[in-house]
Amino acid sequence: LNGRWSADCRNLKGILHLSEDQINHAELCFREVIAMRGVDLYLRTVQVHAMNNLSYVCSMTENLNEAIKLAVRSRVLAEETSLDTFSSRFGLMYFYFLRNSGDDLELAQEEVAAMIGQDDKRDELVRCLQLPSNDEILKLFISHGFNDRFSILPE
């Protein structure tokens, strides 16, 4: 974990902990990656992924404010380093659906509009929404009227 690929190793270790429902261990791994110092593109890329992973962990523990904060940080870092923002935006959409207070649905709508405004991301959004593991997200997308607004899902 202390070599050239230590950030990737720690992030993947967190994913493995997450797959074994070891939430606390996963959280620690993701936080270690986020806390690493450096400005090289490799590290910043892995940090984008670790922030997305940690935001998911926070949503699992019903800490939606923290999940949203991390997903926003991930999106900003991805934008700063010219990385794809899709995963960050997809997570934000989901977390806004879950929290559903104040202007959350408008914020979720902005994330969807940004995703489908990018080349080939409309199809990626449809694919992600239709994954069996994202059934809850699909239901929220439909129940909040987002398919009526964006008309992206096949009938």
Side-chain angles (χ1 to χ4, degrees), residues 5 7-8 10-19 21 23 26-27 29-31 33-34 36 39-155:
W5 308 110
D8 269 324
R10 291 173 195 282
N11 189 53
L12 292 171
K13 183 179 176 188
I15 292 169
L16 290 172
H17 282 303
L18 196 55
S19 72
D21 291 325
I23 306 301
E27 180 178 346
C29 290
F30 300 138
R31 288 193 187 281
V33 174
I34 294 167
M36 290 178 163
V39 293
D40 61 279
L41 186 59
Y42 156 73
L43 176 59
R44 294 176 68 92
T45 300
V46 179
Q47 286 174 325
V48 166
H49 297 296
M51 285 178 202
N52 283 329
N53 293 335
L54 183 56
S55 68
Y56 175 70
V57 168
C58 290
S59 77
M60 292 173 63
T61 60
E62 298 182 9
N63 188 350
L64 294 174
N65 293 332
E66 180 74 6
I68 289 168
K69 180 178 134 186
L70 284 160
V72 168
R73 282 181 60 199
S74 171
R75 185 191 67 208
V76 168
L77 183 57
E79 289 169 345
E80 288 175 356
T81 54
S82 300
L83 297 171
D84 188 1
T85 61
F86 182 85
S87 295
S88 304
R89 290 184 182 283
F90 189 83
L92 277 168
M93 175 195 70
Y94 175 51
F95 306 144
Y96 288 136
F97 284 160
L98 289 176
R99 191 171 70 176
N100 193 16
S101 68
D103 59 352
D104 282 345
L105 293 183
E106 290 80 15
L107 293 168
Q109 187 172 325
E110 290 175 16
E111 296 303 332
V112 173
M115 281 186 278
I116 65 175
Q118 297 175 340
D119 293 338
D120 78 346
K121 297 305 175 185
R122 179 185 209 98
D123 292 340
E124 188 171 350
L125 177 58
V126 171
R127 275 193 308 277
C128 285
L129 286 170
Q130 292 177 331
L131 289 171
S133 59
N134 288 336
D135 189 52
E136 177 186 6
I137 301 170
L138 175 61
K139 287 177 183 171
L140 289 167
F141 189 88
I142 293 169
S143 70
H144 288 304
F146 276 56
N147 197 47
D148 296 335
R149 287 184 193 136
F150 296 100
S151 300
I152 63 169
L153 296 171
E155 295 298 322

Note to self: What I'd like to find out is whether the side chain of F90 reaches to under 4.5 Å of the side chain of I137, using heavy atoms alone.
What the structure shows: yes

Note to self: With rounding to the nearest 0.5 angstrom, report the CD to CE distance, E111 to M115.
What the structure shows: 6.5 Å

Checklist line | pair I142-L153: side-chain heavy atoms closer than 4.5 Å | finding: yes

Next item on the list: Check whether more than 12 heavy atoms from other residues, nucleotides or ligands sit under 6.0 Å from atom CD of E79, and answer yes or no.
Entry: yes

Next item on the list: Check C128 against F86 and note the closest heavy-atom contact, atom names and distance.
Entry: SG-CE2, 3.7 Å

Check: Looking only at heavy atoms, which two atoms of D84 and A78 are closest? And how far apart?
Finding: O-CB, 3.8 Å

Next item on the list: With rounding to the nearest 0.5 Å, note down the distance linking CD in E62 to CG in L98.
Entry: 9.0 Å

Item checked: Pairwise side-chain contact, S82 with L41, heavy-atom cut-off 4.5 Å (strictly under) -> no

Check: If only atom types and distance count, is the side chain of D104 paired as donor or acceptor with the main-chain N or O of S101 below 3.5 Å?
Finding: yes

Next item on the list: Starting at CZ of F30, measure out to CG of L18 and round the result to the nearest 0.5 Å.
Entry: 5.5 Å

Notebook entry, point to check: Would you say the side chain of I152 lies within less than 4.5 Å of the side chain of F141, judging by non-hydrogen atoms?
Noted result: yes

Compile the donor-acceptor pairs under 3.5 Å between side chains in residues 53-60 and protein atoms, sequence neighbours left out, one pair per line.
{"unit_1": "N53", "atom_1": "ND2", "unit_2": "N11", "atom_2": "OD1", "d": "2.9"}
{"unit_1": "N53", "atom_1": "ND2", "unit_2": "H49", "atom_2": "O", "d": "3.2"}
{"unit_1": "S55", "atom_1": "OG", "unit_2": "M51", "atom_2": "O", "d": "3.4"}
{"unit_1": "S55", "atom_1": "OG", "unit_2": "N52", "atom_2": "O", "d": "2.6"}
{"unit_1": "S59", "atom_1": "OG", "unit_2": "Y56", "atom_2": "O", "d": "2.7"}

Notebook entry, point to check: CH2/W5 to CZ/R10 distance, rounded to the nearest 0.5 angstrom?
Noted result: 15.5 Å

Item checked: Check ion pair D123-R127 (N to O, under 4.0 angstrom) -> no

Next item on the list: Mark yes or no for whether N63, through its side chain, and E66, through its backbone, hold a donor-acceptor pair below 3.5 Å.
Entry: yes

Note to self: I'd like to know if E124 and K121 make a salt bridge, using a cut-off of under 4.0 Å between side-chain N and carboxylate O.
What the structure shows: yes

Notebook entry, point to check: Does the ring of F146 carry R149 above it, NZ/CZ under 6.0 angstrom from centre and within 45° of its axis?
Noted result: yes

Next item on the list: Please examine the side chains of R73 and V76, heavy atoms only from C-beta on, and report whether any two atoms are closer than 4.5 Å.
Entry: no

Next item on the list: Determine whether L83 and T45 make a side-chain contact, defined as any pair of heavy atoms from C-beta on separated by less than 4.5 Å.
Entry: yes

Check: Is it the case that more than 12 heavy atoms not belonging to R99 sit under 6.0 Å from its CZ atom?
Finding: yes

Note to self: Using 0.5 Å steps for rounding, measure from the CZ atom of R89 to the OH atom of Y96.
What the structure shows: 10.0 Å

Check: What are the two closest heavy atoms between M93 and A108, and how far apart are they?
Finding: O-CB, 4.0 Å

Margin query: I'd like to know if the side chain of Y94 and the backbone of N134 have a donor-acceptor N/O pair within less than 3.5 Å.
Written below: no

Check: Quick one: CG on N100 to CG on L105, what's the gap to the nearest 0.5 Å?
Finding: 4.5 Å

